[in-house]
Chemist: 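Once you've had a glance at the structure underneath, I'll fire off some questions.
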Number of protein chains: 2
Amino acid sequence: MITVSIVEDHDQYRDLLYQVINDNPEFQILDSFSSAEEALKSIIINPPDIAIIDIKLKSLSGIELIQRIKSKIPQTLFLMCTAYQNNENVFTALKAGASGYIVKGSSAEEIQSAVKELYNGGAPMSPYIAKKVINLLHGKEDQNNYDLTEREIEVLSHLSKGLLYKEIADLLGISLNTVKNHCKNIYKRLHVQNRVEALNKFNA
Amino acid sequence: MITVSIVEDHDQYRDLLYQVINDNPEFQILDSFSSAEEALKSIIINPPDIAIIDIKLKSLSGIELIQRIKSKIPQTLFLMCTAYQNNENVFTALKAGASGYIVKGSSAEEIQSAVKELYNGGAPMSPYIAKKVINLLHGKEDQNNYDLTEREIEVLSHLSKGLLYKEIADLLGISLNTVKNHCKNIYKRLHVQNRVEALNKFNA
DNA sequence: AAAAAAATAGCCCTTACGGGCTATAACAAT
DNA sequence: ATTGTTATAGCCCGTAAGGGCTATTTTTTT
């Protein structure tokens with residue numbers, strides 16, 4: 001039986017996580033917190049095997065939360081929860097002590113298998129992030145940082161699915177022109193001329 | 001006596017492989033190529049039992065090389081050579097027809113035993129990759145075979161670099177219209193509408 | 001020999017893409 | 001206070017991309 005605690009301030013997604021974890025008899029929910037402050041008080045007293053923590057919590061971020069409690073509950077593994085894959089914050093979280101992450105929008109099965117993979121010593125993450133971690137281990141400084149903004153990375157992640165500008169605009173609730181502008185800025189910063197080159201460079 | 005050919009563009013590592021293989025009286029080097037193009041010409045005429053191929057070769061990748069020659073020399077087994085274990089490319093290579101891989105940095109003994117294991121019907125790889133392969137077997141039956149022609153795969157590989165139709169046409173010495181036609185056929189067969197979707201589907 | 005598949009190439013058409021601009025509001029840094 | 005950054009949004013423009021056709025030659029399969 002794998003015990004799990006959740007720290008997520010969005011009520012809707014916290015409930016979803018709760019159900020997904022609770023649905024599987026291999027897992028048992030210990031706690032479900034809606035803020036880092038709440039978690040800070042209780043999670044040390046009642047440490048789970050796996051703590052699923054939203055990377056973007058109000059006031060105290062998920063990364064800071066980990067930094068504070070990790071040394072006090074070394075047996076607990078941290079699974080970050082992030083809106084965007086390949087976000088720089090994910091990398092920071094891993095450096096801070098997280099062991100893997102799930103992306104919001106993952107299926108129930110993906111979430112459950114991420115928890116299991118983590119518990120079994122694995123590290124669920126994208127190849128891009130994995131390589132950055134390996135580079136770090138090999139002593140290479142965190143190169144490959146093209147200083148894309150979070151929004152730009154988000155747009156890029158949609159480009160990587162083959163979506164049209166129009167589709168991305170609707171998805172993000174912004175205008176087509178804004179999407180185009182983000183792309184232009186991305187291409188400029190990566191010194192490329194089109195989406196495929198951008199994806200190759202960013203995911204290198 | 002197991003015959004071995006090597007395709008590796010890094011001089012240093014190619015020499016290392018040569019020595020490691022040559023040192024063992026059970027093996028015999030047939031050829032040692034420094035590019036996929038060289039290998040393409042000669043390896044079909046003089047096929048080895050085992051071909052050790054670097055996964056990242058210039059211009060034509062090791063994966064593409066396998067796709068091109070595998071059907072012509074079905075008795076040859078392919079051992080990929082990769083910098084990082086568990087790379088997605090390794091998985092792609094296995095789907096393309098490789099039977100195992102070694103990691104750069106392996107010891108002489110590890111390399112030799114990988115070759116022997118391969119020759120004896122084994123498949124040297126990490127548990128992670130092995131699991132992906134098993135998942136593929138348990139899941140959908142090699143869904144990756146979209147029956148693309150060699151030429152189409154070649155065009156797709158250039159698309160994956162972010163090249164323009166015009167550039168691909170010049171590279172292959174054919175007209176822009178022909179490149180467009182190949183792409184249309186690729187998209188039709190993969191049931192997608194653009195190059196990024198095609199690449200995602202083909203490399204899935 | 002006949003049929004099928006693959007590679008070649010052209011035409012027409014619409015639209016998505018990429019690049020050059022400017023501009024504003026919100027916010028952060030200096 | 002001023003500067004810089006980010007996200008937003010618009011405009012104009014040329015071209016690349018993608019889709020629907022037909023057609024010829026070569027290669028492969030039956």
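Numbered from 1 within each chain, the chains take letters A, B, ... in sequence-line order. Atom set for the values below is all heavy atoms of this structure, side chains included, hydrogens, waters and symmetry mates excluded.
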Chemist: Roughly how far, to the nearest 0.5 Å, is the CD1 atom of Ile66(B) from the CD1 atom of Ile73(B)?
Modeler: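 Rounded to the nearest 0.5 Å, the CD1-CD1 separation comes out at 9.5 Å.
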Chemist: Rounded to whole Å, how long is the line connecting atom CD of Glu197(B) with atom C1' of dG18(D)?
Modeler: 12 Å
Chemist: Take Ile52(B) and Ile21(B) through the test side chain to side chain contact (heavy atoms under 4.5 Å, CB included) and record every step on the way to the result.
Modeler: CA-CA 10 Å; Ile52(B) 304 180; Ile21(B) 301 300; 4.1 Å; yes
Chemist: For side chain to side chain contact (heavy atoms under 4.5 Å, CB included), just list the numbers for Asp49(B) and Leu77(B), CA-CA rounded to whole Å, side-chain angles, deciding distance to a tenth of an Å, and then say yes or no.
Modeler: CA-CA 6 Å; Asp49(B) 295 320; Leu77(B) 293 169; over 6 Å; no
Chemist: With a 4.0 Å cutoff (strictly under), does any side-chain N or O of Thr178(A) reach OP1 or OP2 of dT8(D)?
Modeler: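 No, because none of the side-chain N or O atoms of Thr178(A) sits under 4.0 Å from OP1 or OP2 of dT8(D).
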Chemist: In terms of side-chain heavy atoms of Ile174(A), which of dA7(D), dA9(D), dA9(C) is nearest?
Modeler: dA9(D)
Chemist: For the helix from dA1(C)-dT30(D) to dT30(C)-dA1(D), what angle lies between the axis at the first five pairs and the axis at the last five pairs, to 10 degrees?
Modeler: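 For the helix from dA1(C)-dT30(D) to dT30(C)-dA1(D), the axes at either end differ by 60°.
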Chemist: Looking at CG of Asn181(A) and CD of Glu152(A), how far apart are the two atoms once the value is rounded to the nearest 0.5 Å?
Modeler: 10.5 Å
Chemist: Write down the distance between CG (Asn185(B)) and C1' (dA9(C)), rounded to a whole number of angstrom.
Modeler: 13 Å
Chemist: Which whole-number value in Å describes the distance from Leu176(B) CG to dA17(D) P?
Modeler: 8 Å
Chemist: Are any side-chain N or O atoms of Asp54(B) and backbone N or O atoms of Gly62(B), one a donor and one an acceptor, separated by less than 3.5 Å?
Modeler: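 Between the backbone of Gly62(B) and the side chain of Asp54(B) there is no qualifying donor-acceptor contact (under 3.5 Å).
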Chemist: Would you say that more than 12 heavy atoms from the other residues, nucleotides or ligands in this model lie under 6.0 Å from the NZ of Lys161(A), or not?
Modeler: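 Counting neighbours around NZ of Lys161(A), more than 12 heavy atoms of other residues, nucleotides or ligands fall under 6.0 Å, so yes.
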Chemist: Please determine whether side chain to side chain contact (heavy atoms under 4.5 Å, CB included) holds for the pair Val4(A) and Asn24(A), giving the CA-CA distance in whole Å, both sets of side-chain angles, and the decisive distance to 0.1 Å.
Modeler: CA-CA 12 Å; Val4(A) 178; Asn24(A) 193 320; over 6 Å; no
Chemist: Starting at the 5' end of nucleotides 12-19 of chain C, put B wherever the base has a protein heavy atom under 4.0 Å, S where only the sugar-phosphate does, and a dash everywhere else.
Modeler: ----SSBB
Chemist: Does CD belonging to Gln19(A) count more than 12 external heavy atoms closer than 6.0 Å?
Modeler: no
Chemist: Going by atom types alone, do Glu38(A) and Ser42(A) pair a side-chain donor with an acceptor below 3.5 Å?
Modeler: no
Chemist: Using a heavy-atom cut-off of under 4.0 Å over every strand shown, decide if Thr149(A) touches base, sugar-phosphate, or nothing.
Modeler: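 Answer is sugar-phosphate: Thr149(A) comes under 4.0 Å of backbone atoms only.
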Chemist: Using whole Å, report how far CZ of Arg151(B) lies from C1' of dT26(D).
Modeler: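 Going from Arg151(B) (CZ) to dT26(D) (C1'), I get 13 Å.
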Chemist: Calculate the interatomic distance between Asn181(A) atom CG and dT5(D) atom C1'; express it in whole Å.
Modeler: 14 Å
Chemist: Take atom CD of Glu152(A) and atom P of dT8(D), then tell me their distance rounded to the nearest Å.
Modeler: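 Answer to the nearest Å: 10 Å.
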Chemist: Figure out the CZ/P separation between Arg189(B) and dA5(C), and round it to whole Å.
Modeler: 10 Å
